[in-house]
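Written out below as structure tokens is the structure these notes cover.
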Amino acid sequence: METRKLGGLSVSAVGLGCMGMSEFYGNGDDKESVDVIHRALDLGVTFLDTADMYGVGRNEELVGRAIKNRRDGVVLATKFGNVRGPKGERLGINGRPDYVRQACDASLKRLGVEVIDLYYQHRVDPNVPIAETVGAMGELVRAGKVHYLGLSEAGPETIRRAHREHPITALQTEYSLWSRDPEDELLSVCRELGIGFVPYSPLGRGFLTGRFKSAADLPDDDFRKGSPRFSAENFDENLKLVSVVESIAKRHDAKASQVALAWVMAQGDDIVPIPGTKRIRYLEENVEGASLTLSKTDLEELDAAFPKDAAAGTRYPEAGMKAVNL
């Protein structure tokens with residue numbers, strides 16, 4: 001597995017998003033999820049991504065169990081800021097310094113580790129100056145509880161203010177063929193400041209894999225049921241885009257998912273996508289896709305088929321969109 005740099009942090013060129021193992025994408029199986037994580041490590045995937053809100057802490061506990069005897073081979077990333085109650089209820093965003101310290105200690109305990117390699121603020125708290133939040137995160141670095149700091153779904157000016165307070169190593173934001181907003185300004189700001197870029201949902205939440213042929217294909221407990229892009233009125237329009245990815249995949253005797261992932265990785269060697277899965281089969285496809293090289297013609301065809309705003313519908317419902325790019 002090739003390695004890439006996120007600021008001063010060296011990670012595998014593709015990571016593993018662990019969110020869906022515990023929530024959001026239908027029922028999961030903890031034993032199978034642990035097997036997926038172990039298989040990922042065996043294949044050279046060192047970069048694991050979780051958050052305290054995934055499964056209301058259960059995902060961190062799962063990842064902690066999976067890496068218990070393999071900690072030295074893992075670059076562990078987790079996040080704080082999206083607050084949830086014990087029953088999963090959403091309680092808002094919290095970036096207050098006292099909460100930063102509290103959340104970190106709780107994550108360390110759930111993960112069963114002494115230090116977090118990359119600690120992100122999951123969403124920016126509009127009611128707390130970013131310098132105060134990042135200042136508290138910097139205290140965690142000085143205390144030896146965290147190695148590097150990151151932000152998720154932060155806007156350009158927020159990133160600049162945060163980076164002045166303490167060096168930011170990575171920005172995590174949705175980025176894929178059908179979510180190209182970061183190209184407007186975020187990527188250039190990150191490159192100016194030496195910040196690595198971590199795309200989540202690089203496969204369009206699974207849509208770009210071609211697995212789904214109608215909105216009815218999603219299980220009832222799948223959060224994508226409420227996503228505008230997966231809605232009945234937008235589904236067929238977005239499905240037309242996937243046909244282009246599938247046609248290019250046929251040229252390479254590859255999967256559509258591998259082409260979509262290869263496109264993201266071709267946008268710069270400072271980009272480390274974290275496709276999520278809870279199945280070994282899809283994990284192995286993603287790892288294989290990380291070594292797929294698209295031709296100039298392939299890239300031009302994809303760019304032409306997927307201009308900005310090509311996808312029908314926003315990537316989150318209205319409430320979710322209000323919390324991004326702050």
Side-chain angles (χ1 to χ4, degrees), residues 17 19-20 23-25 49-56 78-85 87-97 99-100 103 119-134 136-137 149-163 168 170-176 178-190 195 197-202 204-207 215 218 222-235 237-238 274 276 308-326:
M19 179 186 79
E23 195 180 11
F24 300 112
Y25 293 110
D49 183 90
T50 182
D52 60 3
M53 67 93 70
Y54 300 158
V56 197
T78 192
K79 314 177 215 42
F80 75 93
N82 280 323
V83 187
R84 300 179 69 183
K87 296 181 180 179
E89 61 271 32
R90 303 296 179 97
L91 302 179
I93 299 171
N94 193 338
R96 296 195 304 271
Y99 181 76
V100 173
Y119 198 43
Y120 294 98
Q121 182 183 19
H122 206 162
R123 291 291 187 273
V124 175
D125 186 341
N127 299 312
V128 178
I130 192 65
E132 292 185 14
T133 302
V134 173
M137 294 168 71
L149 303 185
L151 299 175
S152 179
E153 290 286 5
E157 291 310 310
T158 298
I159 295 168
R160 291 183 186 280
R161 291 196 299 271
H163 195 68
I168 300 298
L171 174 71
Q172 182 176 136
T173 292
E174 185 172 353
Y175 184 43
S176 69
W178 76 348
S179 294
R180 299 183 63 173
D181 297 348
E183 296 173 6
D184 290 337
E185 191 175 358
L186 285 177
L187 280 170
S188 61
V189 168
C190 285
I195 297 171
F197 194 85
V198 180
Y200 71 86
S201 297
R205 305 189 189 280
F207 199 101
L218 295 169
D222 193 308
F223 91 110
R224 288 171 291 193
K225 283 277 191 182
S227 169
R229 292 184 178 177
F230 284 81
S231 66
E233 60 266 31
N234 292 326
F235 200 98
E237 195 65 29
N238 288 327
I274 50 169
K308 294 171 187 174
D309 301 322
T314 55
R315 55 193 181 98
Y316 286 110
E318 184 178 356
M321 290 304 297
K322 290 179 178 179
V324 302
N325 204 33
L326 297 180

Notebook entry, point to check: Taking only residues two or more places apart in sequence or in another chain, which ones pass side-chain hydrogen bond (donor to acceptor under 3.5 Å, both in side chains) with S201?
Noted result: R205
Next item on the list: Not counting sequence neighbours, which residues clear side-chain hydrogen bond (donor to acceptor under 3.5 Å, both in side chains) with D49? List them please.
Entry: K79, Q172
Note to self: If you define the side chain from C-beta out and look only at heavy atoms, does anything of V128 sit under 4.5 Å from R96?
What the structure shows: yes
Checklist line | Reported CG-to-NE2 distance for the pair N94 and H122, which is rounded to 0.5 angstrom | finding: 14.5 Å
Check: Take atom CG in D309; do more than 12 heavy atoms of anything else shown fall under 6.0 Å from it?
Finding: no
Next item on the list: Check A103 against D52 and note the closest heavy-atom contact, atom names and distance.
Entry: CB-OD2, 4.2 Å
Next item on the list: Please report the shortest heavy-atom distance between W178 and G204, naming the atom on each side.
Entry: NE1-CA, 3.1 Å
Margin query: Donor-acceptor check, side chain of E89 to backbone of K87, threshold 3.5 angstrom: yes or no?
Written below: yes
Item checked: Rounded distance (nearest 0.5 Å) linking atom OG1 of T50 with atom CE of M53 -> 10.5 Å
Item checked: Closest non-hydrogen atom pair, Y316 against R123 -> OH-NH2, 3.2 Å
Check: Can any side-chain N or O of N238 pair as donor or acceptor with the backbone N or O of A311 at less than 3.5 Å?
Finding: no
Next item on the list: Could you please spell out the steps behind the side-chain contact (heavy atoms from CB on, under 4.5 Å) verdict for Y99 and V83?
Entry: CA-CA 10 Å; Y99 181 76; V83 187; 3.6 Å; yes
Margin query: Can you list everything that forms a side-chain hydrogen bond (donor to acceptor under 3.5 Å, both in side chains) with R160? Sequence neighbours excluded, please.
Written below: E192
Notebook entry, point to check: So, do T173 and S152 sit near enough that their side-chain heavy atoms are less than 4.5 Å apart?
Noted result: no
Margin query: Restricting to ring pair (Phe, Tyr, Trp, His ring centres under 6.0 Å), what partner residues turn up for F230, sequence neighbours left out?
Written below: F207
Checklist line | Nearest-0.5 Å distance that lies between atom OH in Y54 and atom CE in M19 | finding: 5.5 Å
Next item on the list: Flag the pair Y120 / L151 as yes when at least one side-chain heavy-atom distance between them is below 4.5 Å, and no otherwise.
Entry: no
Item checked: Working for side-chain contact (heavy atoms from CB on, under 4.5 Å), residues R315 and S176 -> CA-CA 11 Å; R315 55 193 181 98; S176 69; over 6 Å; no
Note to self: Working to the nearest 0.5 angstrom, can you tell me the gap between C190 SG and E185 CD?
What the structure shows: 10.5 Å
Checklist line | Check: R180 side chain, K308 main-chain N or O, donor-acceptor pair, under 3.5 Å | finding: no
Distance-only check: which donor-acceptor pairs under 3.5 Å involve side-chain atoms of residues 317-326, not counting sequence neighbours?
none

Next item on the list: Give the intermediate values and the outcome of side-chain contact (heavy atoms from CB on, under 4.5 Å) for residues V100 and T133.
Entry: CA-CA 7 Å; V100 173; T133 302; 4.0 Å; yes
Notebook entry, point to check: What heavy-atom pair brings G150 and M137 nearest, and what distance separates the two atoms?
Noted result: O-CE, 3.6 Å
Check: V198 and L171: side-chain contact (heavy atoms from CB on, under 4.5 Å), yes or no, with the steps?
Finding: CA-CA 6 Å; V198 180; L171 174 71; over 6 Å; no
Item checked: Test side-chain hydrogen bond (donor to acceptor under 3.5 Å, both in side chains) applied to D181 - qualifying residues, sequence neighbours left out -> none
Next item on the list: Hey, could you give me the CG/OH distance between L186 and Y175, rounded to the nearest 0.5 Å?
Entry: 10.5 Å
Note to self: I need the minimum non-hydrogen distance between V124 and A154, along with the two atoms involved.
What the structure shows: CG2-CB, 3.8 Å
Note to self: Quick check: closest heavy atoms across S179 and R229, and the distance to 0.1 Å?
What the structure shows: OG-NH1, 2.8 Å
Item checked: Short side-chain to backbone donor-acceptor contact, H163 and I168, under 3.5 Å -> yes
